[in-house]
Enquirer: 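Would you mind keeping the following structure in view while I ask a few things?
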Amino acid sequence: MEKIIKNVSIMCFHDELCQVYNALMTALSLLREGSKVTIFFGSRGVNAIHKDKVKDLKCMPDAPEEVSNAVMTKMEEMNLPTVEDLFVMLHMEGARLLACPLNVPLFGMNRDNFVEGVEIANPATYYKEVVVKADMNLTF
């Protein structure tokens with residue numbers, strides 16, 4: 001079977017657990033298929049790359065608590081990797097993890113707060129070198 005390699009840009013603008021999880025699992029799947037993957041965290045998405053806040057991401061915070069709890073219980077039953085584990089896998093397997101240089105200070109963060117492997121995106125080149133050149137641009 002022919003392997004199709006793509007340049008993939010994934011933008012994560014949310015800090016809701018299911019959105020972050022979907023972005024990271026999509027990135028990992030594409031990376032493992034041979035794609036070059038860059039994940040950009042902007043807006044509230046920067047909370048997902050904060051090494052302390054990542055542990056407290058909420059699943060469907062606007063849904064009734066029993067719905068959110070049921071999803072979390074099902075995820076645990078399925079023995080899915082944690083968001084923290086996904087970040088380690090993505091970093092170790094070669095994904096580029098970028099933080100928005102505007103949103104990091106807006107949310108009171110700096111580089112010391114990031115999970116391992118995250119770097120600040122260069123606003124002068126990010127869109128030109130990542131988004132425009134991507135074969136696929138996915139947003140979560």
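Counting from 1, the numbers follow the sequence of the chain as shown.
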Enquirer: Do you know which two heavy atoms are closest between Asn103 and Ser43, and how far apart they sit?
Expert: OD1-N, 2.7 Å

Enquirer: Salt-bridged, Asp135 to Lys6, with N to O below 4.0 Å?
Expert: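 The answer is no: the pair does not qualify as a salt bridge.
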
Enquirer: With heavy-atom distances below 4.5 Å as the criterion, would you say the side chains of Leu17 and Met72 are in contact?
Expert: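 A side-chain contact under 4.5 Å exists here.
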
Enquirer: Check whether Leu28 and Leu24 end up in the same hydrophobic cluster, where Ile, Leu, Val, Met, Phe, Trp and Tyr are linked by side-chain heavy atoms less than 4.5 Å apart.
Expert: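 Yes, it is one cluster - the side chains of Leu28 and Leu24 are joined through contacts under 4.5 Å.
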
Enquirer: Is the side chain of Ser68 donor-acceptor paired with the backbone N or O of Cys59 at a distance under 3.5 Å, no angle test?
Expert: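 Indeed, once roles are kept as given, a pair shorter than 3.5 Å links the two residues.
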
Enquirer: I'd like to check Leu97 versus Phe114 (side-chain heavy atoms, cut-off strictly below 4.5 Å). Are they in contact?
Expert: no

Enquirer: Indicate, with yes or no, if Val37 and Val118 share a hydrophobic cluster defined by side-chain heavy-atom contacts under 4.5 Å among Ile, Leu, Val, Met, Phe, Trp and Tyr.
Expert: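 Per the 4.5 Å side-chain linkage, Val118 and Val37 are co-clustered.
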
Enquirer: Please answer: with hydrophobic residues joined when any side-chain heavy atoms are less than 4.5 Å apart, are Phe40 and Phe140 in the same cluster?
Expert: no

Enquirer: Tell me, yes or no, whether the heavy-atom count around Glu66 atom CD, taken from other residues, nucleotides or ligands under 6.0 Å, exceeds 12.
Expert: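 Check passes, neighbour count above 12.
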
Enquirer: Any heavy-atom pair between the side chains of Glu119 and Leu98 that's under 4.5 Å?
Expert: yes

Enquirer: Could you tell me whether a side-chain N or O of Asn113 sits under 3.5 Å from a main-chain N or O of Asn110, the two making a donor and an acceptor?
Expert: yes

Enquirer: Measure the shortest side-chain to side-chain distance between Val115 and Lys51 over non-hydrogen atoms and say whether it is less than 4.5 angstrom.
Expert: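 They are in contact (side-chain heavy atoms under 4.5 Å apart), so the answer is yes.
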
Enquirer: Over all heavy atoms of both residues, which pair between Ala23 and Ile10 is shortest? Give the atoms and the distance, please.
Expert: O-CD1, 4.1 Å

Enquirer: Side-chain contact, heavy-atom cut-off 4.5 Å: Gln19 with Phe13?
Expert: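 Not in contact.
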
Enquirer: Any donor-acceptor pair under 3.5 Å linking the side chain of Asn7 with the backbone of Ala134?
Expert: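 No: the side chain of Asn7 does not pair with the backbone of Ala134.
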
Enquirer: Are the side chain of Lys53 and the backbone N or O of Ile49 linked by a donor-acceptor pair below 3.5 Å?
Expert: no

Enquirer: Could you tell me the separation between the CZ atom of Arg32 and the CG atom of Leu30, rounded to the nearest 0.5 Å?
Expert: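 Going from the CZ atom of Arg32 to the CG atom of Leu30 covers 12.0 Å.
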
Enquirer: Can you give me the closest heavy-atom contact between Val54 and Ala48, atom names plus distance?
Expert: CG2-O, 3.2 Å

Enquirer: Do you know the tightest heavy-atom contact between Ile5 and Ser35?
Expert: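 Closest approach of Ile5 to Ser35: CG2-CA, 4.2 Å.
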
Enquirer: In the structure I gave you, are the side-chain heavy atoms of Val88 and Glu84 within less than 4.5 Å of one another anywhere?
Expert: no

Enquirer: Check the hydrophobic clustering (I, L, V, M, F, W, Y; side-chain heavy atoms under 4.5 Å; chains of links allowed) and say if Met78 and Val20 are grouped together.
Expert: yes

Enquirer: If the test is ring-ring contact (aromatic ring centres under 6.0 Å, His included), which one of Tyr126, Phe107, Phe87 qualifies with Phe41?
Expert: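 Among Tyr126, Phe107, Phe87, the one that satisfies the ring-ring contact (aromatic ring centres under 6.0 Å, His included) with Phe41 is Phe87.
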
Enquirer: Taking C-beta and beyond as the side chain, do Asn122 and Glu129 meet within less than 4.5 Å on heavy atoms?
Expert: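 Of all side-chain heavy-atom pairs linking Glu129 with Asn122, none is under 4.5 Å.
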
Enquirer: Dump the intermediate steps for side-chain contact (heavy atoms from CB on, under 4.5 Å) on Leu57 and Glu16, then the final yes or no.
Expert: CA-CA 6 Å; Leu57 298 179; Glu16 189 273 328; over 6 Å; no

Enquirer: Out of curiosity, Leu86 CG to Leu80 CG, how far, rounded to the nearest 0.5 Å?
Expert: 8.5 Å

Enquirer: Less than 4.5 Å apart, any side-chain heavy atom of Arg96 and any of Val130?
Expert: yes

Enquirer: Could you check Val8 against Thr26 for side-chain contact (heavy atoms from CB on, under 4.5 Å), going step by step and ending with a plain yes or no?
Expert: CA-CA 10 Å; Val8 181; Thr26 298; over 6 Å; no

Enquirer: Are Val131 and Leu31 joined in one hydrophobic group, where the rule is that I, L, V, M, F, W and Y side chains link up if heavy atoms are under 4.5 Å apart?
Expert: no

Enquirer: Nearest 0.5 Å, please: how far is CD in Glu116 from CE in Met92?
Expert: 7.0 Å

Enquirer: I need the Cys18 SG to Met25 CE distance, nearest 0.5 Å.
Expert: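 Between Cys18 SG and Met25 CE, I get 12.5 Å after rounding to 0.5 Å.
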
